[in-house]
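Data first, discussion second: the structure below is written as C-alpha cells.
Atoms considered below: every heavy atom in the structure, side chains included; atoms not considered: hydrogens, waters and symmetry mates.
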Amino acid sequence: MQFQIKSWTWSVWFTLATCTVLTGAQHEPGYCSFYEDCGLNPAVEGALIPPRVPCKDYRKAVNVTGDHYELFKSVCPMLAHGEGETLACCSIRQLTALQDSLTLSKAVLIRCPSCADNFAHMHCATTCSPNQSQILKIMKTANITQPTGIVKEAVVGYEAYVSTSFSDASFRSCKNVRIPATGGYAIATMCGRYGATLCTPQRWLDFQGDSSNGLAPLDINFKLLPDGQTAGLPPGAVLFAGTALNCNETTPTGGEACSCQDCEQSCPAVPQPPPLPEPFMIGQLDGVLVICIIVFSCILLLLTCYVILEYTIHYQKSKGARKGKNTKDQNENEIERKISPKDVTCSDKASLATQEFLGSLFQTWGTIMARYPLIVLPVCLVVVLAFAVGIKDIELTTDPVQLWSAPQSRAMREKAFHDANFDPFYRTNQLILTAPDRPSHYYDSLLFGEQNFSGIISKDLIIELLELQQKIQAIELWSDELNRTASLKDVCYAPLNPDNPSLTDCAVNSLPQYFQNSMDKLNAKANMTELGVTKEVDWRDHFIYCVNSPLSFKDITALGMSCMADYGGPVFPFLAVGGYENEEYTTAEALILTFSLNNYARTDVKFKVAEEWEQRFLEIVQEYQKNTNTNFTFAYMAERSLEDEINRTTAEDIPIFMISYAVIFLYIAVALGEYTSWKRILVDSKFLVGLGGILVVGCSVMASMGFYAWIGFPSSLVILQVVPFLVLAVGADNIFIFVLEYQRDMRRPGEKREEQIGRVLGNVAPSMLLCSLSESVCFFLGALSTMPAVRSFALYAALAVLMDFILQMTAFVALLSLDAQRQDANRCEIACCVTVKTPHPSKPNQGILLPLMKKYYAPALLNSVSRVLVMVVFLAIFCACVFLMFHVKVGLNQELAMPSDSYMLDYFAYLYKYFEVGVPTYFITTKGFNFTSEEGINAVCSSVGCDQFSFTQKIRYATEYPEQSYLAIPASSWVDDYIDWLNPGSKCCRIYTAGPNKDEFCPANETGFFMCAKKCISVPENGVLRPSVENFNRFLPDFLSNRPDLQCPKGGLGAYDKAVVRDETGEIIASRFMAYHTPLVNSQEFTAALEKARELAHHITMTMRNVTGTSQDFEVFPYTVTYVYYEQYLTIVNEGLFNIGVCLLPTFVVCCILLGMDLRSGFLNLLTIVMITVDTVGVMTLWGIDFNAVSLINLVTAVGISVEFVSHLTRSFALSIQPTKVERAKEATANMGSAVFAGVAMTNLPGIVVLAFAKAQLIQIFFFRLNLVITLLGMAHGLIFLPVLLSFLGPGVNNAVLLQIQEKKAKEMELNSKATYDNISFESHEK
C-alpha cells in the first residue's frame, strides 16, 4: 500500500514535470504540435466528409521519404524541398485526409491555379509545416479510442497565427473565381453567411475553420495579425507568412496564370464601350425643334409673300377696272371670257375625256343596275355566298409570335434552330406574394448578429406558403390524352431526373425549399455555443445562411441542414424572395413561388395535359385569393394566362364592337332620310337603304374573309376588329355621297327613275372609284410588309374595299332603285302596303348640312383673314408634329394586351417591382466550330490558359457595363466546367480499374478507392488541362450525364445535359451558354437588350471564325423567348415608313390618272394626307400611344380614311367651273364637304366613342384613342385646311370644260336664233 502511494506520488510528479517541460517548449522551430491520424472527431455530427483529426503529439518534424514524400509532394508541393531534405508534421494518413478535403475545395477553385495553390498552402502549413508548433496553439482536445483499444488525445481545435499579408493576398487571388454553371462567385460558397459581397479574408478563413460547416474536421481559429506584430502571440510563436501568389502569376508547379474572368489582374485593357449617342442638339435646343422652327418660318415667309403678291394683283385688277376696263355689257351682265381652243392644254383635254368616259360608263352601268334590281340582287347574293362559304375553313391566328414575327425573320429562324436542337423554354407558373401590413422585427442571431426581418419573412407565413405549395403540388386530373390520372410529375421540369421523375424531382423554387419543404426542418431548433455564448438557433439562422450560400449542402449552425432544394438543385435567393436592396435578403418584401413545367410542342399529347394542369393551378390560386383568411396579398400567372386573357377580352369586347356597329347603323339609317314632313317621315326615311348599306359592307368583309380562307391564308382577331370598321367608314361615305346627290337632284322631264339613278351615279361614281381604288391599291401594296399581321390585314382590307365598291355599284344601286320606286309610290318603308297621300315636294331636298355650309361655313372659312389664319395654324401644327414624331416611343408593353380588369396586370406590376433579375438569354452556337481542338477550347473557355478575348470572356466584359449591354450575369460555360470536371485534382472523372465496368467511367460517389484509382486525364505539365480529341469525345457524354453532388459539384446533369447537341458522328452541331439580362421593365429595354446582345454575338462570331477549321457559316446568336416579340421594334420604323410610303403612292397616282393627269391636284391631295398622317403620329406622342405593329395597322387605315376626307373634295374642286379659286373652294366645301362630314366624320365618331368603354386596354388605346385622333384630324384637314389650301394653290379651271360649255351655249344660241328666225318668217308668211 505504501509502495502504491509512493508510485502514485512519483507519477504525479513526473506528469507535472513533463507538462512543465512541454509548456515551455510548445512553440519552437522544427517541432510539431500534433502528428498522425487519430480518428473521427466525436464533436462533429452529420459531416459531409469524414472529420478525421490528428493526435496531439509534440515532437520533432519528420523527414519524409519514399512514398511518403511523393504523396507529400503531390498534396503540398510548396513545402517540398526534395526527398531527404524535406521535414514535415504530417503522416501519410494525414496527407490522404488533407488531400480528400482539398479536393472538394479545388473542384470550385481549380479554374485559378494560383488561388488553389494559395488555398492549399494555408492548410498545408497548419497541417504539415515543419515549424507547426510555432504557428498554432492547441485550444481543445478530446480522447478518442483507437481500433486497438488505446485511448489517444486528439486535437479538435487550435488557433493559427497568420500574417495579414499572406491572408489578404490569398483572398485576393480567390475572390473573383467564378462558378460557370451559376455565373456566381466560388467565394460565395466558402464564406458562409456573408456570401461574396461581404466576404473578407477573416470571414473566409473563419468559415474554413468552422467544423459546423460540414467540411472542416475540427475548429480552427485563424488569428490574422500584421507582419512583425508579436502582441497577442504566445512566447515563441510566430506568424505564418508564406509567399502567396497573385492570381496573374504562374504556380511553382507550372500552373498558368488565372484567366481574366477569375482574376482582374489578368484582364487586358478593355476599352470602355462608346457612350450612348448624344441627342441631336443645335446650341442648347433640340436640333429637330430648331429645324422645324426654321422650316415653319420659311414657309410662313413664303405664305406672306404669296398673300402680298395676291393682294397686289387683285389691287391692280381693281384699279384697272376703275380706269374704264368694263367687264359688263350694256345690260349689266358679266361679259364671259371667251375660251380659245389654243387655251386648252393636253392636261385639260385628258381630264375632260377621263371624266366624260367614266361618267358615261357609270351612267350606263347605273341605269342597267337600277332597271333590273330583282335580277341584280340575287346574283350579287350568290356571288357573295360563293366567296363567303370559305369562312367555314377560316384559320384564326392567335399566337402572338405568328402574328407579329415574319416566318423568315431572323428571330423566327433562330427560334426554329433553338427549338429543333434544344428543349423549348419551360413553362412558368408563378406567384409573387406580399404581406404589406405585417410589421418587421429584429432577430439577434448568435452567428449573424442582429438582423432585420421584414414582415413577410416570418414562420407562420412561410408555413402558409408551404401549405399552398403542397396543395398545388398535389394537383391531380384525369387526362383523356394519357387515358389515366395525371399529376405534376407527368409534365414538370425535372432537371436531375428527366426520364422518370417523382414529385420531389420537380423543379419548384420557393423559400420553403431551403428546408426541403419539411415542416420538421422548419420547426427545428438547437442550442449552439459560439465564443462562449450559448443560444438557440432556428429556421432564421438557416435562412440567413442559405440565401448567402445557396449551393451549400450543410449550414454552419447546430441544425446542420442542407440548403439545396428537394429536387437536388440550388434555390438562388432571387428566385425565392424579392423586393430587397443590396442583397439584404431578410428585408425582402415578397416571396416567390415558381412551378416549372416542360414546354411541349402543341402537337404533343402532353401539351394539353400541361394546359389542364395550369388551369387547375389557376383555379386553386384564385380560390385561395378569395379566402378571407389568407394573410397574403399576391399576384399570379400561368404560362397559358397571356393567351387566355387576350382571348377573354376579345370575347368580352365583341358586344362593344357590336354596339359600335349598331350605333353607326342607326346613324346612317336616320341621317340618310329626307325629312320634309311629319306625315311622310316613314316614306322618306332610309332605314332599309341604311340597312342595305350595312349589309353591303358586311358582305364585302365576308367575301374577303371567305376568299382568303379558300386559298388557305390565315386571319386574325385584329382583322375581325379593324377591317369591318375601315370598310364601314369607306362604304358609308360612298353611300352618303350617292344618296345625298340623288336626293338633291331633280328628275328631268321625261326621264325615268332608273335613268335618273344612272345619271346621278355617273356624276358621283368617278369620285367613289377614285377613293376606293386608291385605298384598295394602297392596301394591296401594304401587303408587301414582312409582318404577318400587317400583311394579312392589308390583303383582307384591300379585297374588302374592292368588294365593297363592286357591291355598291351593283347591289346598292339596285336597292336604291327599289327604294326610290317605293318612295315614288308614297309607300311607307316598314309597312310597304301603306301609302301616304301627302305628295313628295317638287323641289329637291337639300337637307340641313348643305344650306348651313353654303350660307355660313364656307364663306366664314374662306374669307381673306380666315384663310391666312388657317394656313398658319395648320402649318404650325404640322411642324410641331414633325418634331413630336421624332420622340414617339416605339414598342408595346405586354400589359397593354390585357383587359383592364385582368389579374395579369397585377402580376406585371409585382414582377417589375419585386424581381431582382432579368430574363435568361442563351448564346447559341451553330454547326461548324471544332470544340475538341486546343485552339477551339481556348477560343471558348474563360479559365486558365484561355484566350483573353474568348467567347465567354467577351460576355463577361459586357457584364461590366450592364447599363449599356443589359447583361447582368456572365454566361455559364459547359466547356469550362467540363475542363474542371476532367481535372485530375478532383474526384469527378475516374476510371474503373477492376470489376465488370473496368476501363469505363467511374462516378465520384463510387466509394471503392481501389475500384476507381485511375484518373481520366493525367496531370498536365504546365497546369493547363486540354484533353485530346479522343478524350474530349470519350468523356463528354459522361460529364453531361453526371449528377452533381458534394464529391463532384461540377457534374453536368441538369446544368448542361441539354446544352450540347451532337450528331451521330459525335460532332457538336449546337450548344448554348446561358447568361442573364438585367431586369427589363418595358418594351424599349427589351428591344435595346436584344440589339446589344446581337451586337455582342456578332463580334464573337467574327472572332471565332478566325479559329483554324471553323466554317465561314458558323454563327453565334443570342436567343431568349422574348426576342421574337421584340425583334419587330428593331425595324418597325423603317417598316412603317415603307408601308405608309407605298400606301401614299397610289393615292397620288390614282388621283392624277382619274383626274386626267392633274398633277397639281394629285400633289395637294397627297400633301394633305401626309399632313394627316404626320399629325396623327405627333398626337400619338402627346397622348402616350406607342408606335408598334397595331398602331402601324391603324396608320395604314388612317391613309385609307384620309383618302375619303380629301379626295372627294379635291375632285369636286378640280371639276368646278366657278370663276375664282375661292368660289370653287366654297362650292366644293358646301356640296361635297357636307356629304363627307355626314358620311365619314359623323359615321365614325359615334362608333369610336363606344369603343372607349371596352375593357381591353389595347382597344382603348389603339382603337378608341387612335381612331378618334385619325377621324378628328382627317375631318379638320379635309374640311378646314384642304379648302383653304386649294383656294391658294389649287389648279385653275379646266379650260376644256369651259370651251365645251362655251360651244354648247353657242350651239344653243344658234338653235334659238334659227328658231326665232323661222318663227319670224312664218309670221311674215302668215301676214
Give every donor-acceptor pair under 3.5 Å between a side-chain atom in residues 579-591 and any protein atom, sequence neighbours left out.
from: Glu583; atom 1: OE1; to: Thr197; atom 2: OG1; distance (Å): 2.7
from: Thr586; atom 1: OG1; to: Asn452; atom 2: O; distance (Å): 2.8
from: Thr587; atom 1: OG1; to: Glu584; atom 2: O; distance (Å): 2.6

query = Below 2.5 Å, is that where the SG pair of Cys941 and Cys946 sits?
reply = yes
query = Any sub-3.5 Å donor-acceptor pair from Thr959's side-chain atoms to Ala968's backbone N or O?
reply = no
message = Please tell me whether Glu1115 and Thr926 have a donor and an acceptor in their side chains that are separated by less than 3.5 angstrom.
response = no
message = Holding to salt bridge (charged side-chain N to carboxylate O under 4.0 Å, His left out), I want the full list of residues that pass it with Arg410, two or more places apart in sequence or in another chain.
response = Glu414
key: Gamma sulfurs of Cys263 and Cys258 within less than 2.5 Å   = no
remark   = Correct closest heavy-atom pair for Asp980 and Lys1050 would be OD2-NZ, 3.2 Å
query = Can any side-chain N or O of Tyr1076 pair as donor or acceptor with the backbone N or O of Val917 at less than 3.5 Å?
reply = no
task = Would you check, one step at a time, whether the test salt bridge (charged side-chain N to carboxylate O under 4.0 Å, His left out) holds for Lys415 with Glu1127?
result = CA-CA 12 Å; Lys415 180 180 185 299; Glu1127 183 195 41; over 6 Å; no
note = Residues Leu967 and Phe923: closest non-hydrogen pair is CD1-CZ, 4.2 Å
inquiry  = Looking only at the side chains, is there a donor atom on one of Asp976 and Ser943 sitting less than 3.5 Å from an acceptor on the other?
reply    = yes
query = Distance-only, no hydrogens or angles: does the Arg427 side chain make a donor-acceptor pair with backbone N or O of Asn599 under 3.5 Å?
reply = no
task = Taking the six-membered ring for Trp and the single ring otherwise, decide whether the centroids of Tyr600 and Phe607 are under 6.0 Å apart.
result = no
Working for side chain to side chain contact (heavy atoms under 4.5 Å, CB included), residues Gln953 and Ser259 = CA-CA 9 Å; Gln953 286 285 45; Ser259 70; 3.8 Å; yes
ask   = Taking the side chain from Gln1257 and the backbone from Glu895, do they hold a donor-acceptor pair closer than 3.5 Å?
value = yes
query = Would you say the side chain of Asn893 lies within less than 4.5 Å of the side chain of Phe908, judging by non-hydrogen atoms?
reply = no
task = Please confirm whether Phe1114 and Phe929 have ring centers closer than 6.0 angstrom.
result = yes
request  = Would you check if Phe1073 and Phe951 make a side-chain contact, meaning some heavy-atom pair closer than 4.5 Å?
outcome  = yes
task = Decide side chain to side chain contact (heavy atoms under 4.5 Å, CB included) for Val940 and Phe931; before the verdict, give the C-alpha distance in whole Å, the side-chain angles of both, and the deciding distance to 0.1 Å.
result = CA-CA 8 Å; Val940 174; Phe931 285 92; 3.8 Å; yes
ask   = For Ile1068 and Ser1071, which heavy atoms make the closest approach, and how far apart are they?
value = CG2-CB, 4.3 Å
ask   = Aromatic rings Phe1039 and Tyr978: how do their planes relate, parallel, tilted or perpendicular, breaks at 30° and 60°?
value = tilted
query = Is Cys174 close enough to Cys115 that their SG atoms are under 2.5 Å apart?
reply = yes
key: Expected output: side-chain Asp947 to main-chain Phe949 donor-acceptor under 3.5 Å   = no
message = Taking the side chain as everything from C-beta on, heavy atoms only, tell me whether Ile592 gets closer than 4.5 Å to Phe574.
response = no
inquiry  = Does the SG of Cys260 lie under 2.5 Å from the SG of Cys267?
reply    = yes
key: Sidechain-backbone polar pair: Thr1110 side chain, Asn1106 backbone, donor-acceptor under 3.5 Å   = no
query = Can you find a side-chain donor-acceptor pair between Ser510 and Gln469 that sits under 3.5 Å?
reply = yes
request  = Verify, without hydrogens or angle tests, whether Asp1057 (side chain) and Gly1054 (backbone) share a donor-acceptor contact under 3.5 angstrom.
outcome  = yes
key: Lys606 backbone acceptor or donor facing Asp604 side chain under 3.5 Å   = yes
query = Can you check whether Tyr966 and His1077 have ring centres sitting under 6.0 Å from each other?
reply = no
inquiry  = Ignoring hydrogens, what is the shortest heavy-atom contact between Phe425 and Thr1120? Give both atom names and the distance.
reply    = CZ-OG1, 3.5 Å
key: Short side-chain to backbone donor-acceptor contact, Ser552 and Ser549, under 3.5 Å   = yes
request  = State whether Tyr185 and Arg178 meet the cation-pi test: NZ (Lys) or CZ (Arg) under 6.0 Å from the six-membered ring centroid, and within 45° of the perpendicular axis.
outcome  = yes
ask   = Is Asp423 salt-bridged to Lys1058, cutoff N-O under 4.0 Å?
value = yes
inquiry  = Whether the Thr1103 and Lys954 side chains hold a donor-acceptor pair (N or O, under 3.5 Å, no angle test) is what I'd like checked.
reply    = yes
query = Hey, does the side chain of Ser965 reach the backbone of Tyr961 with a donor-acceptor pair shorter than 3.5 angstrom?
reply = yes
